[in-house]
Structures are given as structure tokens and as C-alpha cells.
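Sequential numbering from 1 along the given sequence is applied to the chain's residues.
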Amino acid sequence: MAAPAAARRVRRFWGPRGGPSTLRAFSTIIPRVSQVDNSSDFLGNIPHRRHPGVLHLRSVRLPAELVKAAQLLVEQSTVHGLKDQVVALTNYLWSRKRPLEASELQRRGQQLEQQLREKVQPRTADASSPLTDAEKEKLQRRVLNRLRKTTYHWEALRYTDELSLVYMAARLDGGFAAVSRAFHEIQKRVPAFAPRTLLDFGSGTGSVSWAAHGAWGQTLREYLCVDSSAPMLTLAERLLQGGSESPQTPLFPGVYFRQFLPVSPKVKFDLVVSAFSLNELPSLAERRETIQTLWRKTDGFLVLVENGTKEGHQMLMEAREIVLGGGDKVVHDPREAHVFAPCPHHLPCPRLNPERPLPCNYLQAYHPLPFHWNLALKEELFSFLILRRGPGEGEEPWPRITQAVLGCARHVHCHLCCADGSLQHAVITARRHGRDLYRCARLSHWGDRLPVTMPPGEAVPGE
């Protein structure tokens with residue numbers, strides 16, 4: 001989603017210069033205020049702006065060949081009112097929710113029935129007495145009517161040739177930016193990782209393959225794109241051929257298109273990706289089965305990307321629980337699952353507070369497709385999850401910066417997700433924590449890791 005309302009709310013909170021209107025706002029988000037400390041020489045001769053926890057990308061540009069192919073496809077199309085359709089589809093995808101489970105729908109119906117029973121039944125009647133047929137019919141109509149008004153109606157999207165083109169114009173650039181940021185995390189932290197095979201589930205326009213080619217094009221030899229929509233696969237293939245209607249040599253080799261996942265669990269891929277696809281599955285059972293299948297096929301990293309909404313974040317945490325919890329009857333790979341990013345721990349997400357759940361999301365700036373309705377620079381608000389095969393030995397449990405860094409006079413405010421599964425509001429000063437850590441924190445961005453160690457059982461001032 002390009003510059004969504006949630007991103008604008010973030011900017012309104014922090015203000016034009018990165019500071020909130022009042023510091024009291026912090027207490028409404030994270031009431032605990034702690035200090036972090038690190039006296040070790042973690043910086044060396046590296047400039048502060050390039051400290052080892054820096055992971056953000058300034059802005060992402062699509063490959064020139066991809067931009068040219070997308071423009072050519074739009075020029076050749078006969079879609080009327082493309083701009084309006086792009087805006088409508090973008091808003092619809094951003095607000096899309098998971099389909100309601102039958103058990104949850106039944107629970108809501110019973111709850112509504114209990115609430116409405118008193119209104120249907122005459123006040124003079126005994127509450128325990130059975131309803132007449134007329135009262136039962138009236139109650140049923142009221143319950144169904146209320147459920148229709150209060151329940152999200154999920155529908156499967158059927159991508160025709162026209163809708164596929166609209167989706168490309170709406171989501172190709174933002175999806176590419178989000179996936180590129182996730183891939184950059186792997187590149188930066190595991191520079192030795194050189195995948196040879198890629199599986200993209202729900203490949204859509206093929207933006208994952210383009211991003212992977214930009215990151216590991218020298219080593220990747222096979223890109224398997226799986227999507228249930230034949231028109232979408234055709235569109236992705238045309239983008240790969242430069243937008244030409246006639247068959248051309250692909251802009252990079254080794255890309256294969258399929259409508260179904262490989263059946264054999266023995267077929268594994270170094271890198272498995274699912275971007276903005278989990279919400280297209282009609283039930284929790286299918287999401288669970290799909291996640292387990294994708295994990296079975298993962299030999300290195302499993303990358304999941306969704307919208308930066310509560311719904312997107314909760315789907316990723318659902319997938320995290322499925323993978324970490326195991327559940328396969330037959331273990332095809334004994335190596336353990338390790339949460340690589342963004343969580344610095346395997347504990348429950350501290351942002352999934354039942355009283356006030358907040359999405360764990362990140363912003364990525366990008367240069368959109370040069371259509372007349374697009375701005376010169378946009379931002380994608382997204383959530384992501386990277387899982388890795390193996391124990392993750394040698395990785396530093398550095399906390400993740402979960403909000404924009406606020407630099408004030410002689411101190412910096414950082415909101416951190418820490419290795420002990422807690423959210424911390426750290427106030428860092430040069431006098432108390434040293435110039436190196438202070439400068440690193442001041443030059444860090446939302447989504448970076450802060451190269452510090454949180455001491456266990458640290459006392460929290462003021463508590």
C-alpha cells in the first residue's frame with residue numbers, strides 16, 4: 001500500500017521534524033522507560049551511520065527493464081478508468097481481512113441471540129419459558145440481519161486479464177519495495193548466503209523474482225513462480241519478456257511458472273517466499289497447511305510479507321506459531337526453526353496485547369512506476385517475518401527499533417523489541433552510555449537493530 005493512512009498517522013504522531021507534540025504520548029504506548037548500556041567496543045573504525053545494526057534502505061528503485069515493460073503493458077491495454085480502478089483495488093487490498101471461521105461465526109450468533117432474546121420475548125413472560133414459533137422466527141431474522149451488518153464478508157479474488165493489469169499498476173512497485181527490504185536483511189546479516197533456487201508462492205506479477213534477481217542474480221539458477229491465476233502468470237511472463245505480446249527471450253533465465261506447488265516433500269528450495277498471499281486463503285486450516293508445506297520446502301530461509309496492518313501482522317504471528325510449534329506427522333528435516341527477523345526472540349509477540357494490539361510494521365520508501373497519478377516518492381507500510389533452518393548460532397540478540405527514533409537535545413528516545421520478549425522505551429545519552437552508542441542510536445532508523453545488550457533483570461527507573 002503506497003503511503004497508506006496508517007503511515008500518515010505515524011507521521012502526524014511524530015511531527016514534521018520527528019518529534020511528538022508531547023512526551024506524554026510515550027506513556028500511552030509503552031509505559032516502561034528504561035536505559036540501555038553497552039561498554040564494549042562494538043563499533044571499531046566503522047562510521048556511526050553505518051553501525052552493524054543498520055538495515056534500512058533509503059529508497060528502492062525498480063529495475064529499468066521492469067518499469068519499461070509495465071509501461072508498455074499499460075499502453076497496450078484497453079482498460080478504462082485505470083487510475084480509479086487502481087485506487088479502489090489498493091484501498092480494498094489494504095482493508096482486506098481474514099475470512100471468519102465457522103466456529104467464530106457460530107459463537108457470535110449465539111452471543112447475539114442471547115442479547116436479542118429479551119427484546120423479542122415479552123417482558124411479562126418468564127425468561128426461561130420457550131419462545132413461540134413467531135418469536136423464534138423474529139429472533140432468527142434479527143440475528144442474521146445483525147451478523148450481516150457486523151461480519152466481514154470475505155470473497156476470493158478472481159484475477160481476470162483486466163484485474164491482473166490493475167493489480168500490476170497498483171501493487172508491483174510497493175510489493176517489490178517491501179520484498180527488497182526483507183531480502184536486504186538477509187544480505188546484510190548473512191553475506192555468505194548464496195541461494196541457487198527460489199520458490200515464490202502466490203507470485204502474482206513476479207515482483208519477488210525480480211527482487212531476488214537483483215539481490216542474488218549471480219547465483220540463482222531457478223525461480224519457480226506458483227500462482228493459481230493463469231491470467232496473472234501470463235502477465236508475469238510478459239513482464240519478464242519486456243512487455244511484448246510475441247514470445248521473446250526472458251530478461252533473465254531460469255524462471256518457471258506453475259499453478260500448483262510441487263507435491264514431493266523432497267523438492268526443497270534455498271529461498272521460499274510468500275508475499276501478500278496468505279490473506280487469499282479461505283480458512284485457517286488452509287493457511288496452516290500452506291505454511292507447513294512452504295516450511296517443508298525451505299532449505300534456507302522462509303520469507304513472509306504482508307500488509308502492515310493488524311490483520312497482516314496477526315497472520316504472520318499465526319504462521320510463526322505454526323512453524324515453531326511443529327506439528328508435522330513426518331519430520332522431513334530435523335533442523336530446528338529459528339526466527340531470523342524481525343523478532344530478536346522466540347517468545348510471544350509483545351505487541352499482540354489483548355487490550356490494545358498494535359501491528360509490528362515497517363516503512364520502506366520507493367520510486368513508484370512513472371504513471372501520471374503517482375508521486376515521485378512513496379512509502380510502503382508492511383510487516384514481514386523471516387524464518388531460518390538451523391539454530392541461528394552466532395547471531396547477536398540485538399533489540400529491534402520498532403518506531404521512528406526521536407532525537408532530542410542531548411538524548412535519544414528509542415522504542416525497542418528486546419531479546420527477553422519485552423518492549424522497552426530506551427533513553428540514550430552520551431554522558432551515561434558513551435558517545436559511540438549515543439551517535440549510533442541517533443543515526444538509526446525505524447527497523448534497524450541497536451547494537452547493545454540488554455542486561456537481564458535490569459531495574460526500571462520510576463517503577
Walk me through whether H184 and H56 qualify under ring-ring contact (aromatic ring centres under 6.0 Å, His included). CA-CA 8 Å; H184 178 71; H56 70 274; 8.5 Å; no
How long is the span from the OG atom in S180 to the CD atom in E185, to the nearest 0.5 Å? 13.5 Å
Side-chain donor or acceptor of S203 paired with backbone N/O of G206 under 3.5 Å: no
Exam field: side chain N91 to backbone A88, donor-acceptor pair closer than 3.5 Å: no
Counting only N and O atoms by type, is there a donor-acceptor contact under 3.5 Å from the side chain of R171 to the main-chain atoms of T90? no
Check the surroundings of atom CZ in R61: do more than 12 heavy atoms from other residues, nucleotides or ligands lie under 6.0 Å from it? no
Show the nearest heavy-atom pair for residues F382 and A178, with the distance to one decimal. CG-CB, 3.7 Å
Spacing of CD1 belonging to I428 relative to SG belonging to C414, to within rounding of 0.5 Å: 4.5 Å
Rounded distance [0.5 Å steps], CG in D270 versus CG in L198: 9.5 Å
Y438: which residues meet the ring-ring contact (aromatic ring centres under 6.0 Å, His included) condition with it, sequence neighbours left out? none
Do the charged groups of E311 and R96 touch, with an N to O distance under 4.0 Å? no
Working for side-chain hydrogen bond (donor to acceptor under 3.5 Å, both in side chains), residues D420 and S422: CA-CA 6 Å; D420 62 356; S422 66; 2.6 Å; yes
Is it the case that atom CZ in R196 sees more than 12 heavy atoms from other parts of the structure closer than 6.0 Å? no
Looking only at non-hydrogen atoms, find the nearest pair between Q364 and S59 and report the distance. NE2-CA, 3.9 Å
Between S95 (side chain only) and Y92 (backbone N and O only), is there a donor and an acceptor less than 3.5 Å apart? yes
Roughly how far apart are R287 CZ and I291 CD1, rounded to 0.5 Å? 9.5 Å
Nearest non-hydrogen partners of P399 and V452, listed with the distance: CD-O, 3.5 Å
How about L55 and R189: do any of their side-chain heavy atoms sit closer than 4.5 Å? yes
With R389 as the cation and F301 as the aromatic partner, state whether NZ or CZ is under 6.0 Å from the six-membered ring centre and within 45° of the axis. no
Taking everything shown except R431 itself, do over 12 heavy atoms lie less than 6.0 Å from its CZ? no
Under the 3.5 angstrom rule, does the side chain of K83 hit a backbone N or O of F371 as a donor-acceptor pair? no
Does the side chain of R258 reach to within under 4.5 Å of the side chain of L224, using non-hydrogen atoms? yes
Could you check whether any side-chain N or O of T205 sits under 3.5 Å from a backbone N or O of L172, counting only pairs where one atom can act as donor and the other as acceptor? no
D200 to V208 - nearest heavy-atom pair and separation: OD2-CB, 3.2 Å
Is it the case that the side chain of K310 and the backbone of L358 share a donor-acceptor pair, with hydrogens and angles ignored and the cut-off at 3.5 Å? no
W446/V405 under side chain to side chain contact (heavy atoms under 4.5 Å, CB included): CA gap, chis, key distance, verdict: CA-CA 6 Å; W446 184 2; V405 175; over 6 Å; no
Around atom CD of E286, are there more than 12 heavy atoms of other residues, nucleotides or ligands at under 6.0 Å? yes
Is the count of non-hydrogen atoms from other residues, nucleotides or ligands lying under 6.0 Å from E321 atom CD greater than 12? no
Would a 4.5 Å heavy-atom cut-off, applied to side chains only, mark C225 and F201 as touching? no
Counting C-beta onward and ignoring hydrogens, is there a side-chain heavy-atom pair between L220 and H213 closer than 4.5 Å? no
Salt bridge (charged side-chain N to carboxylate O under 4.0 Å, His left out) between E318 and R98: does it pass, once the steps are laid out? CA-CA 12 Å; E318 180 183 271; R98 289 168 291 179; 3.4 Å; yes
Could you tell me the separation between the CG atom of D299 and the CZ atom of F269, rounded to the nearest 0.5 Å? 10.5 Å
List for me each residue that meets ring-ring contact (aromatic ring centres under 6.0 Å, His included) alongside H345, sequence neighbours excluded, and say none if there are none. none
Evaluate side chain to side chain contact (heavy atoms under 4.5 Å, CB included) for L406 paired with V412, printing each intermediate quantity in order. CA-CA 6 Å; L406 172 61; V412 180; over 6 Å; no
side-chain hydrogen bond (donor to acceptor under 3.5 Å, both in side chains) between N361 and H313, intermediate numbers included: CA-CA 7 Å; N361 50 26; H313 175 227; over 6 Å; no
Is there a side chain to side chain contact (heavy atoms under 4.5 Å, CB included) between V190 and R388? Walk through the geometry before answering. CA-CA 11 Å; V190 192; R388 185 182 187 181; 3.9 Å; yes
Judged by modelled atom types alone, do S444 and H51 share a side-chain donor-acceptor pair under 3.5 Å? yes
For H425 and H413, take the angle between the two ring planes, folded into 0 to 90°, and tell me which bin it lands in: parallel under 30, tilted 30 to 60, perpendicular over 60. tilted
Counting neighbours of CD on Q259 that are heavy atoms of other residues, nucleotides or ligands and sit closer than 6.0 Å, is the number greater than 12? yes
Before giving the answer on ring-ring contact (aromatic ring centres under 6.0 Å, His included), spell out for Y256 and Y223 the whole-Å C-alpha distance, their side-chain angles and the decisive distance to 0.1 Å. CA-CA 6 Å; Y256 305 94; Y223 308 76; 8.9 Å; no
Kindly indicate, with the supporting measurements, whether the criterion salt bridge (charged side-chain N to carboxylate O under 4.0 Å, His left out) is fulfilled by R181 and E380. CA-CA 10 Å; R181 167 63 182 84; E380 178 76 8; over 6 Å; no
I need the L369 CG to L62 CG distance, nearest 0.5 Å. 5.5 Å
Sort out for me which residue in F193, F176, F384, W216 forms a ring-ring contact (aromatic ring centres under 6.0 Å, His included) with F183. W216
When you compare the side chain of E379 with that of Y366, does any pair of heavy atoms fall below 4.5 Å? no
Side chains of C360 and C417, heavy atoms from C-beta outward: is any pair under 4.5 Å? no
Can any side-chain N or O of R320 pair as donor or acceptor with the backbone N or O of M315 at less than 3.5 Å? no
Side chains of W94 and L381: does their closest heavy-atom pair fall under 4.5 Å? yes
Look only at the side chain of S264 and the backbone of K266, and say whether a donor-acceptor pair between them is shorter than 3.5 Å. yes
For K268, does the NZ atom sit with more than 12 other heavy atoms under 6.0 Å from it, leaving out its own atoms? yes
Between L385 and V339, is there a side-chain heavy-atom distance shorter than 4.5 Å? yes
